[in-house]
Amino acid sequence: MSPLIKIKDVRHAYETASGPLPVLDGLDVTVQEGGFCAVVGPSGCGKSTLTRLVAGLMHPDAGEVWLHGDLVKAPRSTVGMAFQNPVLLEWRTILQNVTLPLEIVPDGLKGAAAKERARYLLSLVGLDGFEDKRPSELSGGMRQRASLCRALVHQPEVLILDEPFGALDAFTREDLWQTMHQVKESEPFTAVLITHDLREALFLGDQVVVLSGRPARTQYVMDIPQTTRPTLDDLYTAEAAERLATLRHQIEIAQGRAAPEEAS
Amino acid sequence: MTPSLRKVVVPTLAIVIFLALWEALVWIMGWPNYKMASPSDLIPAYRQYWDLFLVMGWQTLWRTVLGLVLAIVVGTALGMIMGFSRTMRDALYPLLVGFNAIPKATVVPIVALMFVGAHDFNTVLIAFMISFFPIAVSVSIGLSTLEPEYRDILRALGASQTMIFRKIALPKTLPEFFGALKVSVTLAFIGTNLMEIVSPHGRGLGALFDSGKTNSDYPLMFAVLIALAVLGIVLYYVVVALEKIFAGWAERQPS
């Protein structure tokens, strides 16, 4: 199987008033089709830069980003994005928010078909009956669900999730983790998830990539054997605890708090 | 009382109470007309000059509205230029602030001399000059404070700049725009009347006010003030109605 996303030795520096600020320095990430890659790393290590690279919103100084065998040079309509801030448009109803990408991508569904598709996705995440509400009438978790539907509505090849659950309370977050698994069953996607939550990375990802502190490089990659329909209980097994400990340790190395020679 | 009925009854009652207090104040203090006219003095003034009020009120109204429309067009254009380009913002802001700080009463004689005889043009120009600033500032702030995620959502899908403006930047700026427009409406009235009063040319409610002054017809002067207030209220609520139609989403439902 060919990888859907291939990020090869990407390097990038931002221009700042006090000279160039390197953020990425040798980033390698490979995600297979249908894969779910969770990226964790210390704060400010350049994780969001990674999402902008995959989305084609910026070019790296060096290295290559490949998507489905094509070199990414510009934004392409085959990605869907969801951020920590759900950025729903307040003047549109939830249904109109979800159909927004279809108005922009070439040969997107139109009219009744677009609405049908949006309704289907909204019911998948448990938002039936909220189609005609305004975003301001929804709770944070519900807004994030709607934002997820919008990211999926045009059947993107890649779903880019930049800490989408970061601002939610713990229980809502766990609900949404399970929703993600349910959605993936009926709407298969390939995803890159940026997160600060190791349990989230473990529960959702089939691959966890640990980035080093800034400038970020790929420090550690953990493959997670996938079970069908994992439950939250799967996070409290001895196996999961061991993986969490390993990831925790890798983060400490990335933060410079632990010596790297202990790493495998 | 139903909420919609309350919306009419409460403000009407407030106006009636205001007029009663005014009447009482003049009556208790025993003020003659030249000190302060009372509401009951205004009725004969309106009756006597009703035709003039209609003609001149219309002159004031259309020139104010035209000045305001110009202010919307130019203010929005300036706001867009400053909202999208940081360089233009840095360049234009001090100029605009300086221009806005000049009291327009001092500009009136200059404009009147510059375009001598062109009364309608002069008046519209002053109404425009006094009212475009809030619109320009609000549009530029609305556009420049657009969160980058909003842009990214559409840009990542390959949307063009015009598409982003039409789908996101424009609707998102509308509440700020209408907030500024409410300020501009009253400012435009001030502009029109400045020209009509300071540089008399026999047109508009300002001219009527001026003739009240020269003839020592104090009730007429007060009647003009009230007429101006009524026009101001009408125009303000026209803007409110437009806001409800185009930016009603920004109003939170009372919970």
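The chains referred to below are lettered A, B, ... by the order of the sequence lines, with proteins before strands, and numbering in each begins at 1. The figures here come from the full heavy-atom set of this structure, side chains too, leaving out hydrogens, waters and symmetry mates.
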Inset, instruction - Return yes when atom NZ of B:K182 has more than 12 non-hydrogen atoms of other residues, nucleotides or ligands closer than 6.0 Å, and no otherwise. - result: yes

Inset, instruction - Sort out for me which of A:I104, A:T78, A:L57 touches chain B most, counting heavy-atom pairs under 4.5 Å. - result: A:L57

Inset, instruction - Give a yes or no on whether A:Y120 atom OH has more than 12 heavy-atom contacts from other residues, nucleotides or ligands under 6.0 Å away. - result: yes

Inset, instruction - Taking atom NZ of A:K110 as the centre, report whether more than 12 heavy atoms of other residues, nucleotides or ligands fall under 6.0 Å from it. - result: yes

Legend entry - Residue pairs fulfilling side-chain hydrogen bond (donor to acceptor under 3.5 Å, both in side chains) with at least one residue in residues 51-67 of chain A, sequence neighbours excluded: A:H12-A:D61, A:R52-B:D152, A:E64-A:W66

Inset, instruction - Heavy-atom distances under 4.5 Å only: say whether A:R134 touches chain B with side chain, backbone, both or neither. - result: side chain

Inset, instruction - Find out whether B:I153 and A:R150 are in side-chain contact, i.e. whether some heavy atom of one side chain is under 4.5 Å from a heavy atom of the other. - result: yes

Legend entry - Contacts of type side chain to side chain contact (heavy atoms under 4.5 Å, CB included), residue A:K184, not counting sequence neighbours: A:F36, A:F189

Inset, instruction - Specify which of A:E103, A:H154, A:R92 makes the most heavy-atom pairs with chain B at under 4.5 Å. - result: A:E103

Legend entry - Close approach to chain B in residues 13-23 of chain A, criterion heavy atom under 4.5 Å: none

Legend entry - Any A:L89 side-chain heavy atom under 4.5 Å of B:K172 side chain: no

Legend entry - Contacting moiety of B:L174, where chain A heavy atoms sit under 4.5 Å: neither

Run the side-chain donor-acceptor check on residues 160-167 of chain A: report pairs under 3.5 Å with partners two or more places apart or on a different chain.
from: A:D162; atom 1: OD2; to: A:S48; atom 2: OG; distance (Å): 3.0
from: A:E163; atom 1: OE1; to: A:H196; atom 2: ND1; distance (Å): 3.2
from: A:E163; atom 1: OE2; to: A:H196; atom 2: ND1; distance (Å): 3.4

Legend entry - B:F246, CZ: over 12 other non-hydrogen atoms inside 6.0 angstrom: no

Inset, instruction - Assess whether atom CZ of B:F53 is packed by more than 12 heavy atoms of other residues, nucleotides or ligands within 6.0 Å. - result: yes

Inset, instruction - Find the distance between CH2 (A:W91) and CD1 (B:I168) and round it off to the nearest 0.5 Å. - result: 6.0 Å

Inset, instruction - Please name the pair of heavy atoms, one in B:A156 and one in A:M81, separated by the smallest distance, quoted to 0.1 Å. - result: CB-SD, 3.5 Å

